There are 2 protein chains.
Amino acid sequence: MQRKPRADAQRNRERILEVAKEAFARHGANASLDEIARQVGVGPGTLYRHFPTRAELLQAVYRAELEKLAAAGQKFSQTMAPTDALRAWLFLFVDTIAAKQLIAPALNTLLGDPKKVFEASYAKMHQAIRALVKRSVESGDIRGDLDPMDLLRALIGVSNVASAPDWQASARRLVDILIIGSRPVG
Amino acid sequence: MQRKPRADAQRNRERILEVAKEAFARHGANASLDEIARQVGVGPGTLYRHFPTRAELLQAVYRAELEKLAAAGQKFSQTMAPTDALRAWLFLFVDTIAAKQLIAPALNTLLGDPKKVFEASYAKMHQAIRALVKRSVESGDIRGDLDPMDLLRALIGVSNVASAPDWQASARRLVDILIIGSRPVG
DNA sequence: CATGGTTGCGGAGACACTCTCCGTTTTATG
DNA sequence: CATAAAACGGAGAGTGTCTCCGCAACCATG
């Protein structure tokens, strides 16, 4: 028999996510976890029970955003020409980083660490970009010999938080550079 | 009147750089500075006197490597066709990160933080890539509307330490993708 | 409601890292 | 040597991480 989950635990979990998102956006991926707990009004123990490691908290904070992104990929796949869909999705990726204050270093951790390969968000992002690239490969617009994730990694490199104020424009130009450069030779 | 600099200070400075390079390669850019001092056999105070901040130490550690890279850029510029030179230099960049265990996050700090724009190493790298791209623009191989540094940032994104074991191959493919994709339209 | 079993809370505290201050030691020079 | 300048070292204050466990809050049940 399953007992109903405690209401206070649920409340705390949500409050932690809110405050953490704010803190990560303001202070970067190394924001103090004890400080987040203090702002929420709970003890450090509570925070660490819900999210045993910094990585898990970061991931929980951005999971919704990432899954929305992955879902958008599916929709683009079904409603647009292959390479248009890919291009649109990469643009959306850039916009999401900019608008939702997704912090690039955090994403880097998520996309870069092989230990997290089987992690839910990673898997969905991976599947999204792979499906988009696959369609473009089949339609003959893109070579088949590249790791789709590299396109995202390249964008993340440019989306570094600390970079110049016009990084978003740079990133959008880079999207086209990557797509044009990925055409089959000949 | 100038006094001859003390021999022990010089020795310590060099030992710190050696040990720090090792420590950064092994533990990443957040390696403990006190631990580095301990391994060198000096007090923390000594380390912090020579290198007041982590960034300055990182930079001192990699300055020689970066300046070598920048110098190679000049040589390529003078001895090769424009776009061959650019390509060769980007390859060398990737190889240097791989071989010398230059850590990508550290470079990211160096290239990403606008506060360091006037820093010596940054300036030299910036000048190198700018000169190479400029020649390719003039020869008609590359568009003029992109920030040369973005090419490096994109490579760094892929060169993330934690990424897959074949990142080097990915990075080399990415070099060509970036160059092909940077051709003028039409 | 009252009660009891369970779940979750909170914060004290051990440990690690950062960075500074200043008494002591080492060095270069006359 | 003697002396002043330069550099050293490590104690220690401040901050962050993470754990442990006594205690409080909560959900089910009669």
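All values reported here derive from a predicted model rather than from experimental measurement. Sequence lines set the chain letters: A, B, ... in the order given, protein chains first and strands last, and positions in each chain run from 1.
In this structure, Glu35(B) places its CD atom 17 Å from P of dC15(C), rounding to the nearest Å. The separation between Arg54(A) atom CZ and dC18(D) atom P is 7 Å, rounded to whole Å. To the nearest angstrom, C1' of dG16(D) lies 13 Å from CZ of Arg38(A). The separation between Asp34(A) atom CG and dG16(D) atom P is 8 Å, rounded to whole Å. Atom OH in Tyr48(B) sits about 16 Å away from atom P in dA11(D), given to the nearest Å. When rounded to the nearest whole Å, the span between CG of Leu33(A) and C1' of dC15(C) equals 16 Å. Distance CZ (Phe51(A)) to P (dG8(C)): 13 Å, rounded to an integer number of Å. With rounding to whole Å, Gln39(A) atom CD is found 17 Å from dG10(C) atom C1'.
Legend: residues meeting side chain to side chain donor-acceptor pair (under 3.5 Å) with Glu35(B), ordered by chain and number and at least two apart, are Arg38(B), Gln39(B).
One finds no salt bridge joining Arg13(B) and Glu18(B) here, because no Lys/Arg side-chain nitrogen approaches an Asp/Glu carboxylate oxygen to under 4.0 Å.
Of the possible polar contacts, one joining the Ser182(A) side chain to the Leu178(A) backbone as a donor-acceptor pair under 3.5 Å is found. Between the side chain of Arg135(B) and the backbone N or O of Ser77(B), at least one donor-acceptor pair lies under 3.5 Å.
Under the 4.5 Å side-chain criterion, counting only non-hydrogen atoms from C-beta, Phe93(B) is not in contact with Leu151(B). Side-chain contact check for Glu67(A) versus Ser121(A): some heavy-atom pair is nearer than 4.5 Å. Using a 4.5 Å heavy-atom cutoff, the side chains of Leu174(B) and Val94(B) are not in contact.
Side-chain N/O atoms of Ser32(A) include none lying less than 4.0 angstrom from OP1 or OP2 on dT15(D). Look at His50(A) and you'll find a side-chain N or O under 4.0 angstrom from OP1 or OP2 of dC9(C).
Residue Pro52(B) is out of contact with every strand shown, counting any heavy-atom pair closer than 4.0 Å.
Nearer to the 5' terminus of DNA chain D, by closest-nucleotide assignment, is the contact made by Ala31(A) (compared with the other of Ala31(A) and Thr46(A)).
In the interface, the side chain of Arg49(B) is not paired with the base of dA7(D) through any donor and acceptor atom under 3.5 Å apart.
Within residues 4-19 of chain B, the residues that have a heavy atom under 4.0 Å from DNA chain C are, in order of number, Lys4(B), Arg6(B), Ala7(B), Asp8(B).
In this structure, the nucleotide among dA28(C), dC19(C), dG11(C) sitting nearest to the side chain of Arg3(B) is dA28(C).
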